[in-house]
Amino acid sequence: MTLQLPADSRILNTDFVFGVATSSFQIEGGLDSRLPCIWDTFCTQPGAIRDGSHGAVACDHIRLWREDVELIQSLGVDAYRLSLSWPRVMQQNGELNPTGVAFYRDLLGTLKAQGIRTFVTLYHWDLPQYLEDEGGWRNRATAYAFADYADKISKALADLVDAWATLNEPFCSSYLGYEIGVHAPGLKNKGWGRQSAHHLLLAHGLAMPKLRQNAPQAQHGIVLNFTPCYAETDALADVAAADYADQYFNQWYIKPLFDKAYPACFSQLSAEEQPQIQPGDFDIIAAPLDYLGINFYTRHVYRADAQQGFVVVDQVGVAKTDIGWEIYPQAFTDLLLDLHRRYPLPPLYIMENGAAGADELVDGKVQDDMRLGYYQQHLLALDNAMRQGVDVRGYFAWSLMDNFEWAEGYLKRFGIVYVDYATQQRVIKQSGLAFRDLSLSRKG
Ligand code: IFM
């Protein structure tokens, strides 16, 4: 099976960036060569990770990175999106860790030497534990620590990075980590979730001018995830419920970047739940962006609920991925068009899109038809949005390879490359082969 796009699709233009993505904690391992992070701690909490696993080895990328670069090269993609491990490159005294910096210089240098463009995220959830011990993202000082880290590491790697992103999915870091506690550091307090979100956005805004100054030739932005919110019925209450959820889960993270304000749901929070905002914060947060990264996987359907305000309505009898997320590509098109209408967007990159599958290696092959179908449908949905005027410059598959899927441990496989965790053997899945063929077909 192949991935097919209409011959006149702009996705097929050679200047459209095709890439694969990973993150540090999910693939690196190498726990002994860096400081502990909040996920190391979270993984020790009984019941926090579904299979009781941790990231101590993961895909052992810290040892196998040369082979992994060859793998990326063999996929025929233009770009690789990775994240830096903050606790690998910074020491507690605020100095860079030369060993950690050398690792990324070697990795990025090798990618560049192979002609692969480098998209680097500074924060994909692995906060140094020593900062969490001081309050983590609840503490305003963490935003300044992040800006300092961004400053130092962007100076050290400036010549090797094509695009910097400050944060990946601040929704997950704040809401999942500090508000409902299903991700590290596992805290459950609405006010802490909102305050953490504000400090994350502040951290982004503080880092942007430093990135721009240290790497003027690179592009600078942030990566946000969106789960579009649909009302179950046309009833006013359901429509209002979906709108509230959209403000709370999606617009909260993008509106301050462009409008210097939180959405209207802010005023419905109690005084303790409202984040403390200092004068000038929104001016910092709304630093100009060269690009906006978008991550999309699924949608949610909402119903009004007398007690909770809104509830997610499970969709029965519809196609879902192995992690239980509905496959609904129309929401991808809808999302892009909606953002395009609401905000003065810079060029967009789809930084993550993909599906978890119950993959099995049989006779040296992984026949992941569901994932292949998912990519096919979502590339068409993207093409549809681009035809209606949305300026999208690139698309990254999540993920290059199976990896540590956070609270799901190693149970959920998102890779277009299969990883046998017992042997660390990598096998390109059928979706990966199709992705390679599509990417190479653009180059004639
Ligand atoms: O694996 C994650 C990734 O780290 C962030 N975005 C969603 C992916 C799938 O859950």
Side-chain angles (χ1 to χ4, degrees), residues 19-29 37-40 42-43 48-51 53-55 58-59 61 80-86 119-127 165-177 180 182-184 197 200 221-228 249-250 253-254 292-300 320-328 331-332 335 349-359 368 370-371 374-375 378 395-419 421 429 431:
V20 285
T22 63
S23 86
S24 46
F25 190 85
Q26 293 181 274
I27 66 164
E28 283 182 1
C37 75
I38 54 175
W39 275 92
D40 299 317
F42 190 61
C43 289
I49 310 298
R50 222 152 56 92
D51 59 358
S53 65
H54 48 69
C59 305
H61 175 71
Y80 177 47
R81 172 176 182 241
L82 66 146
S83 76
L84 305 181
S85 162
W86 183 350
F119 283 62
V120 169
T121 303
L122 286 164
Y123 186 67
H124 197 124
W125 313 353
D126 38 3
L127 184 71
T166 52
L167 309 176
N168 182 66
E169 303 182 348
F171 158 83
C172 297
S173 307
S174 56
Y175 180 76
L176 302 182
I180 61 165
V182 298
H183 275 190
L200 279 150
I222 184 172
V223 180
L224 303 179
N225 62 304
F226 294 89
T227 303
F249 297 123
N250 296 320
Y253 301 88
I254 185 170
L292 176 66
I294 304 279
N295 294 353
F296 173 85
Y297 290 90
T298 188
R299 70 156 181 175
H300 278 155
K320 291 182 178 169
T321 67
D322 190 44
I323 201 164
W325 298 350
E326 182 185 2
I327 302 176
Y328 194 79
F332 193 20
L335 167 71
Y349 284 87
I350 308 307
M351 291 296 202
E352 289 183 25
N353 181 230
D359 304 319
D368 56 336
M370 180 276 292
R371 182 177 294 104
Y374 182 98
Y375 278 120
H378 285 77
Y395 176 94
F396 289 75
W398 184 270
S399 174
L400 162 66
M401 57 186 160
D402 298 335
N403 55 48
F404 178 77
E405 178 51 28
W406 308 112
E408 301 290 326
Y410 297 97
L411 298 175
K412 301 297 169 196
R413 293 177 177 271
F414 273 91
I416 58 171
V417 172
Y418 183 88
V419 176
Y421 295 111
K429 302 178 190 176
S431 61

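Starting from 1, each residue takes its place in the sequence as its number. Remember, it's 1-based here, ligands and their atoms both numbered in the order they're listed.
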Partner of Phe296 by ring pair (Phe, Tyr, Trp, His ring centres under 6.0 Å), out of Tyr328, Phe332, Trp398: Phe332

Is a side-chain donor or acceptor of Trp125 paired with a backbone partner of Ile38 at a separation under 3.5 angstrom? no

Under a 3.5 Å distance rule, please check whether Asp40 uses its side chain to pair with a backbone N or O of Gly55 as donor and acceptor. no

Hydrogens and angles aside, do Ser174 and Tyr253 bring a side-chain donor and acceptor to less than 3.5 Å of each other? yes

N/O donor-acceptor pair under 3.5 Å between Thr227 side chain and Arg299 backbone: no

Put together the list of close N/O pairs, under 3.5 Å, between ligand 1 and the protein, could you?
residue: ligand 1; atom: 1 (O); partner: Gln26; partner atom: NE2; Å: 3.0
residue: ligand 1; atom: 1 (O); partner: Trp398; partner atom: NE1; Å: 3.1
residue: ligand 1; atom: 1 (O); partner: Glu405; partner atom: OE1; Å: 2.6
residue: ligand 1; atom: 4 (O); partner: Gln26; partner atom: OE1; Å: 2.7
residue: ligand 1; atom: 4 (O); partner: His124; partner atom: NE2; Å: 2.8
residue: ligand 1; atom: 4 (O); partner: Trp406; partner atom: NE1; Å: 2.8
residue: ligand 1; atom: 6 (N); partner: Glu169; partner atom: OE1; Å: 3.1
residue: ligand 1; atom: 6 (N); partner: Glu169; partner atom: OE2; Å: 2.9
residue: ligand 1; atom: 6 (N); partner: Glu352; partner atom: OE1; Å: 2.5
residue: ligand 1; atom: 10 (O); partner: Glu405; partner atom: OE2; Å: 2.6

Side-chain (Arg371) to main-chain (Ala355) donor-acceptor, under 3.5 angstrom: yes

